[in-house]
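Below is one structure, written out as structure tokens; comments come after it.
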Amino acid sequence: MNEFTPENEIRNDNVEAEENLSPNETPMEEVTETVADEPAPEKATPKKKRVREEQSVEDELRELAYLEAADLDYLPKPITKVRKNGHPFLFSFLFFFILFIVLFFVTANSVFGKGWIKNMINGTGNFQSFTIPVVQHEELEDKYYQDDGRYTVEGVAKTCLPSIVTIEAYTGGTIYASYSQGSGIIMTSDGYIITNAHVIEDADLTIIVRLYDGSEYNASVVGSDSRTDLAVLKINATDLTPAQFGDSDQLELGEQVVTLGSPAGLESTVTTGIVSGLNRMISVESDNISMECIQIDAAINPGNSGGALVNMWGQVVGITSSKLEAVEYDNIGFAISINAAIPIIEELIENGGILGRPKVGISFYAISETMASIYDLPAGLYIAAIDEDCDISNTDLEVGDVITEMDGTTVTSADDVYAIIFQYSPGDEITATVLRMDEDGNWDEFEITFKLEEDTTGSIQATDESESE
């Protein structure tokens, strides 16, 4: 039996307390040690457990829905992979590459001109294209201007005469004298000069260009087109005074104009007049292409050919030609409008000629409806000669036949023929209706089909009535 002491009393109380604990409970000291050594797991509350179960079900349903909709094209597809940003070097390379291409084409157009790509593709071997440059006049004293800002005639002469040249053409058949003399217009500061084709025609010896200051240069022919009576020369010179070119479509009837040239060898001649008519379709020769011309009353004489028709702003609006002058009448002259001439001039510089122009290969007398009624002949083209080098010579066409239609259209002049064949290219076939007189004086009709040829010398030579006699 234990003796009662205060210590025993305390110990007994602890024993009794331990004996009264439930099996699931532990003494305080043991609980403290358990918490310190290993934390007890947190038990999930019923609410959290329910939320997790709902989220799990929702995820399963969403996955099932995606699987069901995977084959439906009209529904958006779930994003399965995030696209990465491109490498910044690639974007920089593309930017500078595109910039290089743009600068290359801008530079190429400025150096080679607007037609270099076409020339390269066509395989002409000539990348050079040409556009007439725009120049500005130097400022003059006030006395050379009218109140509205236009030049006086004196102002036009002072400004524009340095851009006009005298041209002399020499052939081996002449001795110590030129066989042809005309005028020209300086187009660029490096020596391109516009003139008429007939001025330099057959110049097999040399062509001399004399500038306003009296200096002379040998000239080479860049290109010449007898059908439009336009030609371009080139001299080996720099720092020339090019002309300023205007818009001939802006001219008005009655507007004052000035002509500059060297008629009869009298250099730097100035004449003035007015615009007497616009949009006159005139050809230098009967077999030439009709060009849009400006009718003027200013004096034009042999030697004026290739000179300038200038408005009062000092701009070239036409190219004068003595061959366009109506010699039977006074004060009627013509100049090829600059708007009609520029495309021809640019192509002459690019290609040395007019490429791709078709021709038929015939010489003929043009019989109009009036002439047909007078001479009891069918209206059309009375055949005077056939070019044996052209395909039309392989048809049944003969000298003395009359072509009345081409491509189903009535033809009675060279202009009618050009209007038809210029819709085609060399090598294309065309059909013509022909009349032939039989032994009884009746006209039999038949058709011929032939290929058009490329016009390198001249497409059609129309013959005047006087030449047929």
Side-chain angles (χ1 to χ4, degrees), residues 131-167 182-196 199 209-217 219 232-235 237-252 254-263 265-275 294 296-301 303-321 333-339 341-342 345:
T131 301
I132 291 180
V134 177
V135 299
Q136 299 295 328
H137 290 144
E138 293 183 1
E139 194 74 18
L140 300 181
E141 300 176 39
D142 291 343
K143 66 178 182 179
Y144 293 110
Y145 295 95
Q146 302 181 46
D147 293 338
D148 59 0
R150 294 183 297 174
Y151 289 110
T152 62
V153 175
E154 298 93 325
V156 169
K158 187 173 183 63
T159 298
C160 300
L161 276 178
S163 302
I164 307 302
V165 302
T166 300
I167 299 174
S183 306
I185 307 168
I186 297 176
M187 184 169 43
T188 64
S189 61
D190 60 349
Y192 282 96
I193 296 171
I194 304 171
T195 188
N196 287 137
V199 173
V209 170
R210 187 159 47 254
L211 303 183
Y212 180 66
D213 61 6
S215 57
E216 295 184 348
Y217 295 86
V232 178
L233 306 179
K234 180 68 169 64
I235 61 175
T238 58
D239 298 327
L240 302 180
T241 304
Q244 184 181 108
F245 294 87
D247 184 358
S248 54
D249 291 340
Q250 299 299 317
L251 288 174
E252 297 182 2
E255 182 175 342
Q256 186 178 14
V257 288
V258 176
T259 63
L260 307 171
S262 304
L266 301 173
E267 300 178 13
S268 303
T269 296
V270 180
T271 59
T272 185
I274 62 170
V275 175
I294 303 161
I296 55 178
D297 68 345
I300 298 178
N301 296 287
N304 272 121
S305 292
L309 177 67
V310 182
N311 62 17
M312 301 312 292
W313 298 102
Q315 300 170 328
V316 176
V317 292
I319 302 171
T320 58
S321 175
F334 298 96
I336 301 171
S337 70
I338 197 64
N339 287 13
I342 283 176
I345 293 166

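Evaluation of the salt bridge (Lys or Arg N to Asp or Glu O under 4.0 Å) rule for Glu216 yields Arg210 as partners, not counting sequence neighbours. With sequence neighbours left out, Gln315 forms a side-chain contact (heavy atoms from CB on, under 4.5 Å) with Gln244, Asn311, Trp313. Every side-chain contact (heavy atoms from CB on, under 4.5 Å) that Leu140 has, sequence neighbours left out, goes to Tyr144, Tyr145, Tyr151, Lys158, Thr159. Not counting sequence neighbours, the partners of Ser215 by the side-chain hydrogen bond (donor to acceptor under 3.5 Å, both in side chains) test are Asp213. Applying the side-chain contact (heavy atoms from CB on, under 4.5 Å) rule to Ser268 yields the partners Leu161, Tyr212; only residues at least two apart in sequence or on another chain are considered. Evaluation of the side-chain hydrogen bond (donor to acceptor under 3.5 Å, both in side chains) rule for Ser337 yields Glu292 as partners, not counting sequence neighbours. Under the side-chain hydrogen bond (donor to acceptor under 3.5 Å, both in side chains) criterion, Glu154 pairs with Thr152, sequence neighbours left out. Under the rule for a side-chain hydrogen bond (donor to acceptor under 3.5 Å, both in side chains), Asp239 has no partner lying at least two apart in sequence or in another chain. With sequence neighbours left out, Asp147 forms a salt bridge (Lys or Arg N to Asp or Glu O under 4.0 Å) with no residue at all. When the side-chain contact (heavy atoms from CB on, under 4.5 Å) test is applied to Leu309, the partners found at least two apart in sequence or on another chain are Val257, Thr259, Ile294, Ile296, Val317, Thr320, Ala335.
Rounding to the nearest 0.5 angstrom, the gap separating the OG1 atom in Thr271 from the CG atom in Asn301 is 8.5 Å. Distance OG1/Thr195 to CD1/Ile167: 3.5 Å, rounded to 0.5 Å. Atom CG of Asp297 and atom OG1 of Thr272 lie 8.0 Å apart (nearest 0.5 Å). Taking CD1 of Ile235 as the reference point, atom CG of Asp190 lies at 9.5 Å (rounded to 0.5 Å). Atom CD1 of Ile336 and atom CD1 of Ile342 lie 12.5 Å apart (nearest 0.5 Å). In this structure, OG on Ser305 lies 8.5 Å from CD1 on Ile300, to the nearest 0.5 angstrom.
Not one N or O on the side chain of Ser262 forms a donor-acceptor pair closer than 3.5 Å with the backbone of Gly182.
Within the 4.5 Å cutoff, no side-chain heavy atoms of Thr188 are placed close to those of Leu240. Proximity of Ile185 to Phe245: side-chain heavy atoms (C-beta onward) are separated by under 4.5 Å at one or more points. Side chains of Thr241 and Ile186 form no contact here, defined as non-hydrogen atoms less than 4.5 Å apart.
Listed here is the closest heavy atom pair of Gly246 and Asn339: O-OD1, 3.9 Å. Contact between Gly261 and Ser183 at its shortest, heavy atoms only, is CA-OG, 3.5 Å. Contact between Ala299 and Asn304 at its shortest, heavy atoms only, is O-OD1, 4.0 Å. The two residues Gln250 and Glu255 have their closest heavy-atom pair at O-OE1, 4.1 Å. Listed here is the closest heavy atom pair of Val165 and Leu211: CG1-CD2, 3.5 Å. Of all heavy-atom pairs between Met187 and Pro242, the closest is O-CB, 3.5 Å.
Identified under the salt bridge (Lys or Arg N to Asp or Glu O under 4.0 Å) test for residues 243-252, with sequence neighbours left out: none.
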Given Ile319 and Ile345, is the side-chain contact (heavy atoms from CB on, under 4.5 Å) satisfied, shown in steps?
CA-CA 12 Å; Ile319 302 171; Ile345 293 166; 4.2 Å; yes

